[in-house]
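Everything quoted here is computed from the prediction, not taken from an experiment.
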Amino acid sequence: LFKIHRHFLAQYSPVLEGLFELPSEQNTPFGREEQPISIQGDSYRGWEALLALFYRENHVEAQIIPWDDAIALIPIAHKYCMQALEISTLERIKTEMRQPKASKEKLIDVIRISKLLDLSDLFEEAVSRLTHKADKLSYEDAQKIGLFAFYAITIISSRVCQACTGQDIPRVCSGCKKSSRPIGLVITDIPADWRI
């Protein structure tokens, strides 16, 4: 059970603000100790990350959200329409993902988040970046990202480009890492019923 000031939640989330205004059977507002709000389906880690933002020790310094907190926070921010928080956290995730040495684990996190938020551009970028690490994907990784993403990564990483073979195969080359056409065209080659 988290005890949180209603002000923070209402300020960032119109969904939770509306919940606080609902009439209750006991004539006490929701969210009081006598009538706590029961929330289902959220991760404990996500709420911890949210509370760490609200109740931080130093309010003067700009806070950079740690990667694991950002990944846990995105589903909470999305579910409760915390737009400003979702946008800033997503920008933090994109910046980290675009680092040259972004780890396989971070790219897998981005694929999972992009599927949750239905962000096809982010999904395609993460898949493209992960193709360079395709030989390191495990069965557990494939379960995390889903069949569609795993298939896309496998297909893309196995194609070669025109520059390497002289053939007109417009795909990402596993040898030179060049592409002669956008990755989106590769992803559309996958049957729609395989998409997750």
Side-chain angles (χ1 to χ4, degrees), residues 43-50 52-53 56-58 61-78 82-165 169-190 194-196:
S43 78
Y44 184 82
R45 182 77 182 100
W47 278 99
E48 278 185 327
L50 181 64
L53 288 175
R56 59 188 182 177
E57 290 180 25
N58 188 340
E61 289 181 18
Q63 185 172 3
I64 297 174
I65 303 170
W67 179 264
D68 290 339
D69 287 356
I71 294 300
L73 186 56
I74 279 285
I76 302 287
H78 183 71
M82 299 176 178
Q83 278 190 318
L85 186 58
E86 183 176 341
I87 290 168
S88 64
T89 306
L90 197 53
E91 284 306 311
R92 187 310 190 203
I93 289 170
K94 287 178 184 178
T95 300
E96 183 81 18
M97 174 195 73
R98 291 176 178 146
Q99 297 300 313
K101 298 201 179 209
S103 70
K104 172 186 77 166
E105 290 74 20
K106 287 183 179 178
L107 294 170
I108 287 171
D109 286 340
V110 174
I111 289 173
R112 291 175 41 238
I113 291 302
S114 66
K115 288 168 48 176
L116 172 75
L117 303 179
D118 197 24
L119 298 172
S120 59
D121 290 347
L122 184 61
F123 176 85
E124 290 181 16
E125 184 177 351
V127 165
S128 176
R129 291 175 181 279
L130 198 51
T131 58
H132 307 307
K133 303 172 190 309
D135 59 330
K136 297 178 179 122
L137 290 178
S138 68
Y139 177 74
E140 290 77 23
D141 297 335
Q143 286 181 310
K144 289 176 187 174
I145 62 176
L147 179 61
F148 172 64
F150 184 73
Y151 180 76
I153 291 164
T154 305
I155 290 299
I156 293 166
S157 65
S158 69
R159 303 294 172 111
V160 293
C161 74
Q162 188 176 15
C164 292
T165 64
I169 302 174
R171 305 287 191 225
V172 177
C173 172
S174 58
C176 71
K177 309 295 186 229
K178 293 180 182 172
S179 176
S180 57
R181 87 174 172 199
I183 190 172
L185 297 175
V186 174
I187 290 180
T188 58
D189 293 344
I190 300 170
W194 280 35
R195 295 176 188 233
I196 296 176

For [Y], does its backbone N or O pair with a side-chain atom of [X] as donor and acceptor, under 3.5 Å?
X: Ser128; Y: Glu124; answer: no
X: Arg92; Y: Ile65; answer: yes
X: Gln99; Y: Thr95; answer: yes
X: Thr89; Y: Glu86; answer: no

CA sep, side-chain torsions, deciding dist, call: Ile108, Lys104, side chain to side chain contact (heavy atoms under 4.5 Å, CB included):
CA-CA 6 Å; Ile108 287 171; Lys104 172 186 77 166; 3.9 Å; yes

Let me see the working for Val110 and Phe123 under side chain to side chain contact (heavy atoms under 4.5 Å, CB included), right down to the final yes or no.
CA-CA 7 Å; Val110 174; Phe123 176 85; over 6 Å; no

Find the distance between [atom1] ([X]) and [atom2] ([Y]) and round it off to the nearest 0.5 Å.
X: Leu90; Y: Met97; atom1: CG; atom2: CE; value: 9.0 Å
X: Ile111; Y: Phe150; atom1: CD1; atom2: CZ; value: 11.0 Å
X: Glu105; Y: Ile71; atom1: CD; atom2: CD1; value: 12.0 Å
X: Ser103; Y: Lys101; atom1: OG; atom2: NZ; value: 12.5 Å
X: Lys115; Y: Ile113; atom1: NZ; atom2: CD1; value: 11.0 Å

For the residue pair Leu73 and Gly46, what are the closest heavy atoms and their distance?
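Of all heavy-atom pairs spanning Leu73 and Gly46, the closest is CD1-O, 4.0 Å.
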
Carboxylate-amine/guanidinium contact [X] [Y], below 4.0 Å:
X: Lys106; Y: Asp109; result: no
X: Lys94; Y: Glu125; result: no
X: Glu140; Y: Lys144; result: no

Under the side-chain contact (heavy atoms from CB on, under 4.5 Å) test, which residues partner Arg45, sequence neighbours left out?
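Arg45 satisfies side-chain contact (heavy atoms from CB on, under 4.5 Å) with Ser43, Glu48, Asp68, Asp69, Ala72 only.
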
Heavy-atom distance under 4.5 Å between the side chains of Leu137 and Leu130, does that happen here?
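Yes, at least one pair of side-chain atoms sits under 4.5 Å.
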
Between Leu122 and Ile93, is the side chain to side chain contact (heavy atoms under 4.5 Å, CB included) condition met? List the steps.
CA-CA 10 Å; Leu122 184 61; Ile93 289 170; 5.5 Å; no

